[in-house]
Amino acid sequence: QVQFAESGGGLVQAGGSLRLSCVASRDSGSTFRVNVFGWYRQAPGKQRELVAQITSDGSTNYLGSVQGRFTLSRDNAKNTVYLQMTSLKPEDTAVYLCFADVFTGIVTRRYWGQGTQVTVSS
């Protein structure tokens, strides 16, 4: 099983910035490889949507509405992904969920964090 430690959410005014972090680990302490790392978000009454993802070689993909405002990066040695969010808008308000596609040595499985709340006031 893979666990996540998410941090960085909170309340910010429109135009402000936040940085989300997500650290993946395993109870057993065994090594594992994260192929794809990223964040989804879910706002009340809306479907979950992919915000950004990054592959192990650093290729990124962003939701159109955050392109140019959000930057995703990762530290493979620390199994950590960062989402730098700038020029935040009220419509960015949502629970942000970290995910990781982990290769366990046999199969690749997707694991989810519990989420961190981001609230942008107007």
Side-chain angles (χ1 to χ4, degrees):
Q1 190 68 19
V2 176
Q3 289 78 41
F4 295 89
E6 298 163 307
S7 61
L11 173 64
V12 65
Q13 288 188 332
S17 300
L18 285 173
R19 187 191 194 211
L20 305 184
S21 299
C22 176
V23 183
S25 62
R26 293 187 77 177
D27 275 347
S28 63
S30 60
T31 58
F32 60 98
R33 185 176 76 232
V34 177
N35 291 335
V36 182
F37 232 147
W39 295 86
Y40 275 74
R41 69 185 182 187
Q42 186 157 24
K46 295 186 177 180
Q47 287 192 333
R48 185 176 294 186
E49 59 183 359
L50 175 65
V51 177
Q53 65 181 27
I54 183 168
T55 63
S56 56
D57 64 0
S59 298
T60 53
N61 182 42
Y62 293 93
L63 179 68
S65 62
V66 309
Q67 185 82 40
R69 299 188 296 122
F70 291 10
T71 302
L72 189 67
S73 60
R74 65 187 286 173
D75 184 332
N76 291 330
K78 297 180 180 179
N79 286 320
T80 301
V81 65
Y82 306 96
L83 182 65
Q84 179 68 48
M85 306 184 292
T86 64
S87 301
L88 282 161
K89 303 176 181 180
E91 51 263 43
D92 294 317
T93 295
V95 175
Y96 283 68
L97 300 111
C98 176
F99 77 92
D101 291 341
V102 177
F103 179 65
T104 63
I106 300 175
V107 298
T108 297
R109 289 184 57 187
R110 174 160 292 187
Y111 293 89
W112 293 90
Q114 292 189 330
T116 184
Q117 177 70 46
V118 171
T119 303
V120 184
S121 62
S122 57

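Numbering of residues begins at 1 and proceeds along the displayed sequence.
Contact check for Leu50 versus Asn61: side-chain heavy atoms found under the 4.5 Å cut-off. The shortest distance between side-chain heavy atoms of Gln53 and Asp101 does not fall below 4.5 Å. Contact annotation: the side chain of Cys98 approaches that of Phe37 to within less than 4.5 Å [non-hydrogen atoms, C-beta and beyond]. The shortest distance between side-chain heavy atoms of Val66 and Arg41 falls below 4.5 Å. Two residues are said to be in side-chain contact when any heavy atoms from C-beta on lie closer than 4.5 Å; Val118 and Leu20 meet this criterion. Inter-residue side-chain proximity for Met85 and Val51 is flagged as unmet; no heavy-atom pair is nearer than 4.5 Å.
Of all non-hydrogen atoms in Ser17 and Ser87, the two that sit nearest each other are OG-N, 4.4 Å. Annotation for Ala94 and Ala43: closest pair CB-N, 3.9 Å, computed over non-hydrogen atoms. What you find for Gln117 and Val95 is that their closest heavy atoms are OE1-CG2, 3.2 Å.
Using a distance-only test at 3.5 Å, with no hydrogens or angles considered, a donor-acceptor pair links the side chain of Tyr62 to the main chain of Leu72. Judged by distance alone, with hydrogens and angles left aside, the side-chain atoms of Arg33 form no donor-acceptor pair with the main-chain N or O of Phe103 at under 3.5 Å. Without hydrogens or angle criteria, Thr93 side chain to Val120 main chain gives a donor-acceptor distance under 3.5 Å. In this structure a side-chain-to-backbone donor-acceptor pair under 3.5 Å is present from Arg74 to Thr55.
Note that CG of Asp92 and CG of Leu18 are 10.0 Å apart. Values are rounded to the nearest 0.5 Å. Note: Gln13 CD to Ser122 OG = 9.5 Å, rounded to the nearest 0.5 Å. The OG atom of Ser65 lies 7.5 Å from the CZ atom of Phe70; values are rounded to the nearest 0.5 Å.
By the rule that hydrophobic residues join a cluster once side-chain heavy atoms approach within less than 4.5 Å of another member, Val81 and Leu97 end up as members of separate clusters. Val23 and Trp39 are not part of a single hydrophobic cluster, where members link through side-chain heavy atoms under 4.5 Å apart. Linking ILVMFWY residues whenever their side-chain heavy atoms come closer than 4.5 Å, directly or via other members, leaves Tyr111 and Tyr82 in distinct clusters. Transitive grouping of hydrophobic side chains (ILVMFWY, heavy atoms separated by less than 4.5 Å) brings Leu63 and Leu88 into a common cluster. The same ILVMFWY cluster, assembled from side-chain heavy atoms under 4.5 Å apart, contains both Val2 and Ile54.
Surrounding CD of Gln114 are at most 12 heavy atoms belonging to other residues, nucleotides or ligands under 6.0 Å away.
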Practice item. List the steps and the verdict of ring pair (Phe, Tyr, Trp, His ring centres under 6.0 Å) for Phe99 and Tyr40. Key: CA-CA 8 Å; Phe99 77 92; Tyr40 275 74; 5.3 Å; yes

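For the residue pair Gln84 and Thr86, no side-chain donor N or O sits within less than 3.5 Å of a side-chain acceptor on the partner.
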